[in-house]
Enquirer: 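Handing you this structure, nothing more for now.
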Number of protein chains: 4
Amino acid sequence: MITIDSRSSKPIYEQIIEKIKENIIKGILKPGDKLPSVRELASLITINPNTISKAYNELERMNAIEVIRGKGTFVAQNFKPTMDEERMKEIKEQMKNIIIEAHYIGVDKDTLIDLFNEIYSQL
Amino acid sequence: MITIDSRSSKPIYEQIIEKIKENIIKGILKPGDKLPSVRELASLITINPNTISKAYNELERMNAIEVIRGKGTFVAQNFKPTMDEERMKEIKEQMKNIIIEAHYIGVDKDTLIDLFNEIYSQL
Amino acid sequence: MITIDSRSSKPIYEQIIEKIKENIIKGILKPGDKLPSVRELASLITINPNTISKAYNELERMNAIEVIRGKGTFVAQNFKPTMDEERMKEIKEQMKNIIIEAHYIGVDKDTLIDLFNEIYSQL
Amino acid sequence: MITIDSRSSKPIYEQIIEKIKENIIKGILKPGDKLPSVRELASLITINPNTISKAYNELERMNAIEVIRGKGTFVAQNFKPTMDEERMKEIKEQMKNIIIEAHYIGVDKDTLIDLFNEIYSQL
DNA sequence: GTGGTCTAGACCACA
DNA sequence: GTGGTCTAGACCACA
């Protein structure tokens, strides 16, 4: 299930990307599974098809899904995580920012680790 | 010291906010310390003054700094972290996304915890 | 033998055309040889018959194969290459693009010539 | 200069990508040079801004150009060709197809090599 | 039926 | 002024 938070400042297409990735990691979407067509998903969540298309294209670039001409869109079979230095650096940066943000609302290290474990157990 | 990555997709004003917050948390900037004026900082890092101004305004809204008319801008004295549900939810969301991103480049939970501790030790 | 890469961005019908042309040039398919019927090939490589049909039609237009009603499809007897300005221009264009693409992944002229000779020796 | 062939089957945004890459390789566009803004180029070649935007975004993904928020688009400074197996395989494939196409219009190996050298000398 | 391309046009954040 | 996002809607190639 994909839900969009229209009040979020995060672009819709990014929300879709994250939700689908999440579903793949959780095993809700398995390799080879067919995703709803661009138009189907568009009408399901009442979003413009172009926006869905943009999300699908980015997911394909990341090798998370495969778009097959005239057939549809599928969860990728051969997903192999590739250690990417660029993105590792980004993750570090984001993590630092989370820690700083947390500090500013009074959340300390231990609470953050608890939160971390909690999220992991839900995946 | 504030360094800006102009190629980053992160807006410059957000980069400034983060860097200043980071310096406060690290103790490099202490309560009462005077920050460079908007124009000073602007010429220091060759950034449009409007951008610096936006960053300072947001930092003031967060009570991280205080702007005193005719005197200058200072690190806030009375900073008290306030548990904010809204932002706690955001942090959770961001953390989940980091975990998902990390998974996609083959970084597992333990490595992520190591990274987490490493970042904390540098603050 | 014809193998199809369903993940390729190249349309299936074009892949079929290329594979058949390649087999003719390599001499695996000789003038007068009978090609599998549309339905046969369709079930052989599990592709929609319409797609095979489209490929065969284009090959016939190029005079590479001949369709004889009620008899079947055959590699053309009287194949005479015809210098076609239009297509020569296309080939030039494609070659330029290959050179540019190669440059962008760090492949220089000599390596490209080696590659060129290698491919020729395999035909 | 960027010219679009509207009769070509090649998508407009791909034509733009190729033309810009070509100009970079030829040295007509140098690192740090400012590209026309999305709207400028759009009105110059009377193409919809969205299409220009798509081309620029792909070029950025390839590290050929850099888009700087609110400032404009520039030829990348730090272009480093990265040997990419995936794309090397594609180039091989394309080269094989050119050789096959050339054969079908009666162009032999030597003529193709001459053509190859000619194109290189014009870059 | 499937996704890909393109246009026209609006609104927005950022510098 | 700059690019980014999104909508609405058209047309097309492909399977």
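Naming convention: chains lettered A, B, ... in sequence-line order (proteins, then strands); numbering from 1 in each chain.
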Enquirer: If you take atom types as modelled and just measure distance, does the side chain of A:Asn50 reach the base of F:dG9 with a donor-acceptor pair under 3.5 Å?
Expert: yes

Enquirer: How about C:Lys10: does its NZ atom have over 12 heavy atoms from other parts shown lying under 6.0 Å from it?
Expert: yes

Enquirer: Tell me which of D:Lys71 and D:Pro49 sits closer to the 5' end of DNA chain E, going by the nucleotide each one is nearest to.
Expert: D:Pro49

Enquirer: Verify the contact: side-chain N or O of A:Ser37 to OP1 or OP2 of E:dG1, cut-off strictly under 4.0 Å; return yes or no.
Expert: no

Enquirer: Report which part of the nucleic acid C:Ile47 touches: base, sugar-phosphate, or nothing (heavy-atom distance under 4.0 Å, all strands).
Expert: nothing

Enquirer: Between the base of E:dG9 and the side chain of D:Asn48, is there a donor-acceptor distance below 3.5 Å?
Expert: no

Enquirer: Pick the closest DNA chain E nucleotide for D:Gly70 and for A:Pro36 by heavy atoms, then say which residue is nearer the 5' end.
Expert: A:Pro36

Enquirer: Tell me whether the side-chain N or O atoms of D:Arg39 pair up with the base of F:dG1 as donor and acceptor below 3.5 Å, since no angle test is needed here.
Expert: no

Enquirer: For a side chain to side chain donor-acceptor pair (under 3.5 Å) with B:Asn97, tell me which candidate from A:Glu18, A:Gln94, A:Lys21, A:Glu22 qualifies.
Expert: A:Glu18

Enquirer: Under a 3.5 Å cut-off for both contacts, is E:dC14 paired Watson-Crick or G-U wobble with anything, and if yes, with which nucleotide?
Expert: F:dG1

Enquirer: Would you indicate, yes or no, if E:dT5 has its OP1 or OP2 atom less than 4.0 angstrom from a side-chain nitrogen or oxygen of D:Lys54?
Expert: yes

Enquirer: Who does E:dG9 pair with, Watson-Crick or G-U, both distances under 3.5 Å?
Expert: F:dC6

Enquirer: Take a 6.0 Å sphere around NZ of A:Lys19 and say whether it holds more than 12 heavy atoms from other residues, nucleotides or ligands.
Expert: yes

Enquirer: Rounded to whole Å, how long is the line connecting atom CD1 of A:Ile16 with atom P of F:dT7?
Expert: 9 Å

